[in-house]
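Single-structure report; data block below.
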Amino acid sequence: MPLTASPHRSSEAGVSATSRHATATLAAAVLGFFVITLDATIVNVALPSIRDALGGGITGLEWVVDAYTLMFAALLLSAGALSDRIGARKAFAGGLSLFIVASVACGLAPSLPLLIAARVVQGIGAAVTMPTSMALVRQAFPDPARRARAVGVWAMGGAVAAAAGPVLGGVLSLASWRMIFWINLPVGILTLVLLARTPHSPTRPAPFDWIGQVTAILAMGGLTFGAIEAGAAGFTAPHVLASLGIAVVALVAFVTAQAKVAHPMVPLTLFRSPTVVVATGIGFAFMVGFYGLPFLFSLYFQQQHGLSALGAGLAFLPMMLLGASLTPFSARIAERTGPRVPVIAGLILIAAGSIALATVPATVPVWVTALLLIPIGLSGPLVMPPTTALLLEHVSADRTGTASGVFNTSRQIGGALAVAVFGALLSASAGFEHGLRISLLLAAAVALAAALAAPRMGAARRGDA
């Protein structure tokens, strides 16, 4: 008499396989998010070593950082749409593979122009990897409660990278600045191995919206380039005004095209959801504080207190480590209080920390400033995981990549504009200290505005976009 598996055992085997696939998918998404976030934070402290090895003035070194940011922001919308069309798994694999190859090229670069060119390619790979990592999490965890916990784990990848980046960059630079790029190779290969164990992603076949693609790249690229250059040249510089003008014209053309073409890259119906609109604004406001303030105090610690790059990185450790330690508990906090409560609390922490830093005397010791930065670090796990989980819950599965692209584009623009505006204020004739205080008060005002809007998230029905 042949033996047959019981339906109960077959069901258990299916659940077990699904659980393993979900775990592998989450691990791949976390590592992908980790490595592209690390690359945004690890480079700054290695700039003096790069200058010693490859030469170049301050403008060239700025572009070592900004070339990555520029391409990252300019291509996020296109990458999100690509993810929905060809599938998150395939897009993630392609983006991460490109990122790995570009990282190797960065480490081998014999000159500054070639290093900057390789950083451009890195930014393209990162732009594809970011929204697809969010889409993979959405795909692997259809249940909202499990997805919220998974998003908290996913966010841990970025939190750990942000905490480790400055110190790890300083340590690796002691051996060779090239190591800060080569470290991406083993992490990237491990991620691709995990990705091979994940199921194929659903697709939404549709013709590419080439008008939307081109105008989105011009709008995001023009705005980001103009913001970056404005920090050094001022907002009235001819090339800055031209860049911002191109961004405005391209944005108008983009919105017009999305309303008229048959298969828009970013359907305007997406913005009928209050959750999508508010989450996008919160992403912008969060990055103004969470990334703008470290930019301010990297300069403050080194220029005003004479710390080395490694010393400045160590001064950020309390902020980053405490924020990273809170990340695993963000999902539980949101489950007990509802997701809007931690989001509002985190935005208020950014505002309170910014105001406190703006009011203390410039003569306070470094350790006091490091302690006052802690509320900014704690805001990360309170704001981003619940906001991301709510966004994913309120869009349909076939639009996850597009919504993720919109969300992360707003984040990148917030960071780029914060650096540009804060940099211009620091270099203004009123002096560094005055510019620092005005920048901190601006960050506080933006965070408070987002906190006032946050209660509208989740107002519409699930899957409303």
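Quick caveat, the model's predicted, so the values are computed rather than measured. Start at 1 with the first residue, then count along the sequence.
- Using modelled atom types, no side-chain atom of Q258 and backbone atom of L268 make a donor-acceptor pair closer than 3.5 Å.
- The shortest distance between side-chain heavy atoms of L136 and W154 does not fall below 4.5 Å.
- F407 is not listed as a side-chain neighbour of V276, based on a closest heavy-atom distance of 4.5 Å or more.
- Formation of a donor-acceptor pair under 3.5 Å by the S97 side chain with backbone atoms of G94 is not found in this model.
- Residue S103 is tested with V187, N184, V35 for a side-chain contact (heavy atoms from CB on, under 4.5 Å); the sole match is N184.
- Looking only at side-chain heavy atoms (C-beta outward), L417 and L223 come within less than 4.5 Å of each other.
- Counting only heavy atoms from C-beta outward, the side chains of F286 and V343 never approach each other to under 4.5 Å.
- Exactly one of V153, V151, T388 qualifies for a side-chain contact (heavy atoms from CB on, under 4.5 Å) with V137. That residue is V151.
- Here the side chains of F72 and N408 are not in contact, with every heavy-atom distance at 4.5 Å or above.
- Heavy-atom minimum distance, S243 versus F225: OG-CD2, 3.5 Å.
- A distance of 9.5 Å separates CG of L378 from CZ of F290, quoted to the nearest 0.5 Å.
- In this structure, CE in M71 is found 13.0 Å from CE in M220, a value given to the nearest 0.5 Å.
- A heavy-atom distance below 4.5 Å is found between the side chains of F181 and V43.
- A pairwise comparison of heavy atoms in G323 and P381 identifies O-CG, 3.3 Å as the closest pair.
- Proximity of a side-chain donor or acceptor of S133 to a complementary backbone N or O of M130 within less than 3.5 Å is detected.
- The shortest heavy-atom contact between G95 and T129 is C-OG1, 3.4 Å.
- We find the CZ-CH2 distance between R51 and W177 to be 14.0 Å, quoted to the nearest 0.5 Å.
- Residue F33 holds its CZ atom at 12.0 Å from CG of L38, rounded to the nearest 0.5 Å.
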Practice prompt. Just do the side chain to side chain contact (heavy atoms under 4.5 Å, CB included) check on L75 and V128 with the steps written out, would you?
Written response: CA-CA 8 Å; L75 295 176; V128 177; over 6 Å; no

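- Residues L112 and L115 are in side-chain contact: their nearest non-hydrogen atoms beyond the backbone lie under 4.5 Å apart.
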Worksheet entry | side chain to side chain contact (heavy atoms under 4.5 Å, CB included) between L293 and F316, intermediate numbers included | CA-CA 11 Å; L293 268 60; F316 286 113; over 6 Å; no

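- The line from CG of L185 to CD1 of I189 is 4.0 Å long, rounded to the nearest 0.5 Å.
- Counting only heavy atoms from C-beta outward, the side chains of C106 and Q122 approach each other to under 4.5 Å.
- The backbone N or O of F141 lies less than 3.5 Å from no partner atom in the side chain of R146, so there is not a single donor-acceptor pair.
- Residue H239 qualifies as enclosed at atom NE2: its count of foreign heavy atoms under 6.0 Å is above 12.
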Worksheet item: Run the side chain to side chain contact (heavy atoms under 4.5 Å, CB included) check on E335 and R149 step by step: do they pass?
Response: CA-CA 9 Å; E335 286 175 3; R149 291 190 288 270; 2.8 Å; yes

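- Smallest separation of non-hydrogen atoms from F297 and L440: CE1-CD2, 3.8 Å.
- Atom CD1 of I282 sits about 4.5 Å away from atom OG1 of T387, to the nearest 0.5 Å.
- Panel note: side chain R119, backbone V64; a donor-acceptor pair is recorded below 3.5 Å.
- Pairing each heavy atom of A22 with each of A140, the nearest pair is CB-O, 3.9 Å.
- For I211, the CD1 atom sits in a loose shell: 12 or fewer heavy atoms of surrounding residues, nucleotides or ligands are nearer than 6.0 Å.
- Considering every non-hydrogen atom in both R437 and L357, the closest pair reads NH1-O, 4.3 Å.
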Practice prompt. Carefully, step by step, assess F92 and T191 under the rule side chain to side chain contact (heavy atoms under 4.5 Å, CB included).
Written response: CA-CA 10 Å; F92 183 89; T191 305; 3.7 Å; yes

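- For the side-chain contact (heavy atoms from CB on, under 4.5 Å) criterion with R456, the lone passing option out of V278, V277, T275 is V278.
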